[in-house]
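Here's the structure we're looking at; comments come further down.
As the structure is a computational prediction, the values presented were derived from the model and not from experiment.
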Amino acid sequence: MGCRYPGGVTTPDDLWRLLADGVDATTDFPEDRGWDVTSLYHPDPEHPGTSYTRRGGFLDDVGRFDAGFFGISPREALAMDPQQRILLELCWEVFERAGIDPTGVRGSRTGVFAGVMYHDYASRLPHVSPELEGFLGTGGSSSVVSGRVAYTFGLEGPAVTIDTACSSSLVAVHLAAQALRRGECDTALAGGVTVLATPRLFTEFSRQRGLSPDGRCRSFSADADGAGFAEGAGVLLLARLSDARRLGYPVVAVLRGSAVNSDGASNGLTAPSGPAQERVIRAALADARLEPDDVDAVEAHGTGTTLGDPIEAQAVLAAYGAGRNRPLWLGSLKSNLGHTQAAAGVGGIIKMALAMRHATLPRTLHATEPSPHVDWSAGPVRLLTEPVEWRTGTRRAGVSSFGVSGTNAHVILEQPPEPAAIPDEPGGEVLPFVLSARGEAALHAQAERLASAVSAPDAPPLRDVAHTLAGRAALPYRTVAVAADRDSLVRRLGELATAPATAATTRRAVFVFPGQGSQWTGMGLELWDASPVFAEQMRACDDALRPHTGWPLREALAGPLDRVDVVQPALFAVLVSLAAVWRSYGVRPSAVVGHSQGEIAAAYVAGALSLPDAARVVALRSRCLAGLTGRGGMVSVSLPVAEVTARFGGEVSIAAVNGPRSTVVSGAVDVLDRLLAACAADEIHARRIPVDYASHSPEMAAVRDELLAALADLTPQAGAVPLHSTVTGGPVDPAGLDAGYWYRNLRETVLFGPVVQDLADAEPTVFVEISPHPVLLPVLPDDALGTGSLRRDDGGPQRLLDSLATAYAHGLTVDWRSAHPGPAGRLADLPTYPFQGERYWLTGARPPGAPAIRCWRPAPRWPAPVLTCSPAGSPGTTTGG
């Protein structure tokens with residue numbers, strides 16, 4: 001559930017604080033709507049065009065809207081009724097609170113049932129500006145309120161706008177429940193919204209003498225003197241209870257039953273009918289299969305009128321009072337907020353759901369002395385003049401709404417079933433806390449609000465926080481706080497609240513696997529103990545390698561790693577196990593690339609080699625190399641390959657072309673010594689690679705026959721992922737990965753640089769180096785995005801999650817729910833997306849002699865021209881809005 005109500009209420013928790021503290025949220029008429037507040041008030045009810053009250057319940061800064069978030073242009077946003085805007089934001093929040101990614105509901109059978117009774121926003125503009133032509137029709141239509149939600153989110157269930165006046169939102173809930181029961185939709189958004197764009201309601205009810213002079217609803221009070229009107233909005237997400245349990249939705253209340261009827265030919269078009277109200281309550285009880293005594297409380301319509309309240313109280317007494325042996329508690333949210341009209345009924349549902357959660361029925365304000373027009377002694381109905389502890393068995397409540405149209409609605413709510421038990425968090429586990437937004441400012445605001453939420457005394461467990469955030473939308477501005485305890489999480493969120501951020505675009509993942517050089521003693525051991533996925537793949541590699549190596553993998557990793565026939569098989573196992581972990585987080589490569597020995601791991605991950613065949617290739621290849629140790633070496637030179645060939649080509653072999661200015665050479669030790677000396681003299685960066693053999697040089701011819709014989713019966717298979725060969729310089733047919741190919745892989749130049757450049761040029765890419773320490777990232781093309789996996793002496797879950805966070809920030813899709821070991825956790829009630837609104841409000845004024853009005857908005861970010869309100873000859877002057 002989500003809501004906006006007077007008193008700064010923007011969340012259900014805000015509403016509960018207002019109720020618990022007994023706050024009266026009514027205020028004077030707002031100054032920011034273009035109302036002529038001074039001349040609007042007149043104490044005489046007969047004075048035309050005026051209101052004899054100057055108070056009500058109003059939403060704060062109702063013109064603000066985050067248009068860009070929903071892909072709506074400023075011009076269209078200005079023409080849109082604020083009721084449409086508020087519902088869009090609330091529906092996003094409700095999806096997030098349910099643990100549903102709002103960007104993932106497109107095409108779903110979700111219904112939209114919206115109660116709306118005002119559409120006077122566009123009437124504020126007497127002269128249509130050319131900028132707004134074409135937008136006011138949809139922007140001001142009440143039918144489009146539900147349609148706009150369905151269109152924006154891509155929902156394909158029923159989309160219905162309901163106007164039964166003050167019962168609209170409760171009727172919307174009733175119709176949504178019926179649609180769910182009939183199978184017309186699988187979930188449904190239901191609620192209502194009221195924004196008073198003009199003061200017409202107040203002037204109309206002043207003529208009828210229906211207003212409370214001080215704008216307050218004194219529900220069921222002895223001094224009730226009329227209604228106090230207000231604004232608000234509330235949205236619920238409904239689902240069948242069986243579906244909610246199956247899908248793990250957090251259930252805040254169960255709708256046991258509901259009913260709708262009409263007053264019919266009663267004692268007046270707008271007058272309430274007690275018998276009709278009694279009938280609708282009895283019908284709702286029958287629909288819920290409950291007896292009157294099963295219900296503990298009623299959230300009444302309770303407008304505070306001397307006519308309506310006694311009629312309603314008598315109907316409640318008649319329907320619920322007979323045969324009760326305990327009190328039925330009666331109250332009304334309107335005493336806090338005023339009458340929010342089309343949003344009143346849903347507000348009552350939210351209030352009672354919160355009361356069930358907190359086991360407290362909050363008091364009704366302004367009702368110290370109950371109305372003398374109700375015979376309170378005639379039955380067990382009691383007015384909630386003070387808070388009451390709600391400790392009876394299964395808590396149940398009725399909620400009523402009665403429309404001036406004569407349409408009545410009543411629903412019966414029940415305390416939700418207890419969620420399935422989840423073991424307490426063990427503490428100390430490293431978790432990712434994922435944030436994303438449409439803009440940098442919103443991302444910073446999200447970090448600040450989350451830091452505040454997790455620092456609160458009643459903050460949920462960290463596992464629940466991480467689980468909740470992991471299911472939210474992946475928006476372009478992204479960041480992840482990786483932490484193992486609350487203090488470090490708050491500290492990290494504080495850093496992220498000011499850290500620069502840029503928008504990510506959707507990119508593909510390309511896995512790159514290095515050759516020898518990224519290894520370190522103990523690599524993979526910490527992750528072996530922490531990650532079940534990594535451990536399972538490592539054990540499979542151990543089983544596949546041991547027939548060829550004879551040594552246990554775990555002992556080999558503990559070191560020392562000083563023999564090529566130990567390093568390369570052990571490194572292969574770590575590479576393919578890391579790839580399995582990345583895939584378990586939903587990061588699946590669109591292509592794979594291997595550098596030298598790393599191409600064996602790439603072939604296995606691509607599906608071109610089985611694990612037994614890949615293990616045999618790496619073990620036998622490294623055994624061949626072991627026979628060549630001490631006969632050469634390799635050096636990395638920071639020069640283009642053409643320049644290296646020109647200067648040293650006659651003495652060394654080009655072992656690898658890693659990038660535009662990164663070349664690896666192989667040769668005899670004394671030749672490499674001279675090359676290093678020449679580079680030092682010319683201030684060219686060069687370094688010796690810690691190997692004592694000359695891979696990718698003619699020296700490898702010595703093992704050709706041995707390797708071809710050992711791998712003669714190799715059986716490549718059709719791969720599932722494209723393998724881009726650094727032997728051929730392009731995509732390779734898996735059928736060609738025979739013994740001859742693997743000899744070429746050892747003998748010929750590694751064309752890593754050209755291959756990754758081609759991949760980077762083809763489409764937006766993030767290169768993920770699958771290794772215990774990044775050695776290929778530094779040689780990627782200058783404009784390429786990449787991330788490593790682990791780092792030397794930093795090979796645990798935190799480093800891996802940091803690497804996943806980098807990939808996510810670059811635009812890769814990551815399944816963050818996979819990052820939670822053991823039970824996933826419950827959904828926590830956390831702050832949802834912080835909408836970054838600008839103000840859009842039509843002005844009805846026009847300067848004398850000025851051309852047709854143009855409406856202003858301060859939005860320099862938008863490329864469209866700023867719309868200004870300027871009399872001729874005085875550019876830049878604004879008038880209103």
Side-chain angles (χ1 to χ4, degrees), residues 1-5 7-23 25 60 93-94 96-99 250-253 336 350-363 386-391 395 415-416 418-435 443-472 479-498 820 822-834:
M1 52 193 183
C3 61
R4 302 275 192 276
Y5 286 109
V9 170
T10 60
T11 68
D13 282 347
D14 289 343
L15 181 61
W16 181 253
R17 283 189 288 270
L18 181 143
L19 290 165
D21 295 342
V23 174
D60 294 339
E93 293 175 5
V94 166
E96 286 202 331
R97 288 197 180 99
V251 180
V252 296
N336 299 88
I350 294 172
K351 171 188 171 181
M352 298 315 289
L354 292 166
M356 288 176 183
R357 178 190 300 173
H358 293 277
T360 301
L361 290 162
R363 73 185 178 102
E386 295 295 334
V388 170
E389 188 178 28
W390 197 356
R391 293 296 183 189
R395 297 187 274 275
Q415 176 185 359
E418 288 295 320
I422 295 178
D424 292 336
E425 61 178 298
E429 57 184 331
V430 180
L431 295 169
F433 300 86
V434 185
L435 304 176
L443 187 66
H444 291 166
Q446 189 122 327
E448 290 174 355
R449 296 201 307 164
L450 183 60
S452 176
V454 300
S455 302
D458 57 348
L462 290 186
R463 179 192 287 170
D464 295 357
V465 174
H467 173 73
T468 304
L469 295 172
R472 292 186 172 176
T479 191
V480 182
V482 179
D485 58 70
R486 206 169 294 272
D487 288 343
S488 61
L489 173 59
V490 172
R491 184 169 57 253
R492 181 65 182 131
L493 288 171
E495 296 168 356
L496 294 176
T498 58
H820 303 282
R826 305 174 185 88
L827 286 167
D829 193 3
L830 299 174
T832 62
Y833 185 87

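- Under a 3.5 Å cut-off, the side chain of Gln415 and the backbone N or O of Ala253 do not form any donor-acceptor pair.
- For Arg449, the side-chain contact (heavy atoms from CB on, under 4.5 Å) criterion is met by Pro831, Pro834, not counting sequence neighbours.
- Looking only at side-chain heavy atoms (C-beta outward), Leu489 and Val482 stay at 4.5 Å or farther from each other.
- Here the straight-line distance linking atom CG of Leu354 with atom SG of Cys3 works out to 7.5 Å at 0.5 Å rounding.
- A pairwise comparison of heavy atoms in Ala484 and Val430 identifies CB-CG2, 4.0 Å as the closest pair.
- With Asp21 contributing its side chain and Val23 its backbone, the two residues share no donor-acceptor pair below 3.5 Å.
- Partners of Asp13 by salt bridge (Lys or Arg N to Asp or Glu O under 4.0 Å), not counting sequence neighbours, listed by chain and number: Arg357.
- Arg97 CZ to Thr468 OG1: the interatomic distance, rounded to the nearest 0.5 Å, is 12.0 Å.
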Residues Gln446, Leu830; criterion side chain to side chain contact (heavy atoms under 4.5 Å, CB included); working and verdict
CA-CA 10 Å; Gln446 189 122 327; Leu830 299 174; over 6 Å; no
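- Every residue two or more places apart in sequence or in another chain that forms a side-chain contact (heavy atoms from CB on, under 4.5 Å) with Val251 is listed here: Leu241, Ala244, Val254, Pro416.
- For Trp390, there are no ring-ring contact (aromatic ring centres under 6.0 Å, His included) partners, not counting sequence neighbours.
- Under the rule for a salt bridge (Lys or Arg N to Asp or Glu O under 4.0 Å), Glu418 has no partner lying at least two apart in sequence or in another chain.
- For Arg491, the side-chain contact (heavy atoms from CB on, under 4.5 Å) partners are Ser488, Glu495, not counting sequence neighbours.
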Could you go through the side chain to side chain contact (heavy atoms under 4.5 Å, CB included) check for Glu429 and Arg463 one step at a time?
CA-CA 9 Å; Glu429 57 184 331; Arg463 179 192 287 170; 3.3 Å; yes
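- With sequence neighbours left out, Arg4 forms a salt bridge (Lys or Arg N to Asp or Glu O under 4.0 Å) with Glu89, Glu93.
- When atom types are taken as modelled, the side chain of Asp464 and the backbone of Leu827 share no donor-acceptor pair closer than 3.5 angstrom.
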Go through the steps for Leu435 and Val480 under the test side chain to side chain contact (heavy atoms under 4.5 Å, CB included), then give the verdict.
CA-CA 6 Å; Leu435 304 176; Val480 182; over 6 Å; no
I would like to know whether Arg486 and Leu462 meet side chain to side chain contact (heavy atoms under 4.5 Å, CB included); could you show each step before the answer?
CA-CA 7 Å; Arg486 206 169 294 272; Leu462 290 186; 3.7 Å; yes
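- To the nearest 0.5 Å, atoms CZ (Arg363) and CD (Glu386) are separated by 6.0 Å.
- The salt bridge (Lys or Arg N to Asp or Glu O under 4.0 Å) check on Glu448 picks up nothing, with sequence neighbours excluded.
- Thr360 contributes atom OG1, which lies 6.5 Å from atom CZ of Arg391 (distance to the nearest 0.5 angstrom).
- Taking Thr11 as the reference, Asp14 meet the side-chain hydrogen bond (donor to acceptor under 3.5 Å, both in side chains) condition, with sequence neighbours excluded.
- Minimum heavy-atom separation, Ala481 to Leu493: CB-CD2, 4.1 Å.
- Under the side-chain contact (heavy atoms from CB on, under 4.5 Å) criterion, Ala466 pairs with Leu431, Phe433, His820, not counting sequence neighbours.
- Within the 4.5 Å cutoff, side-chain heavy atoms of Leu19 are placed close to those of Lys351.
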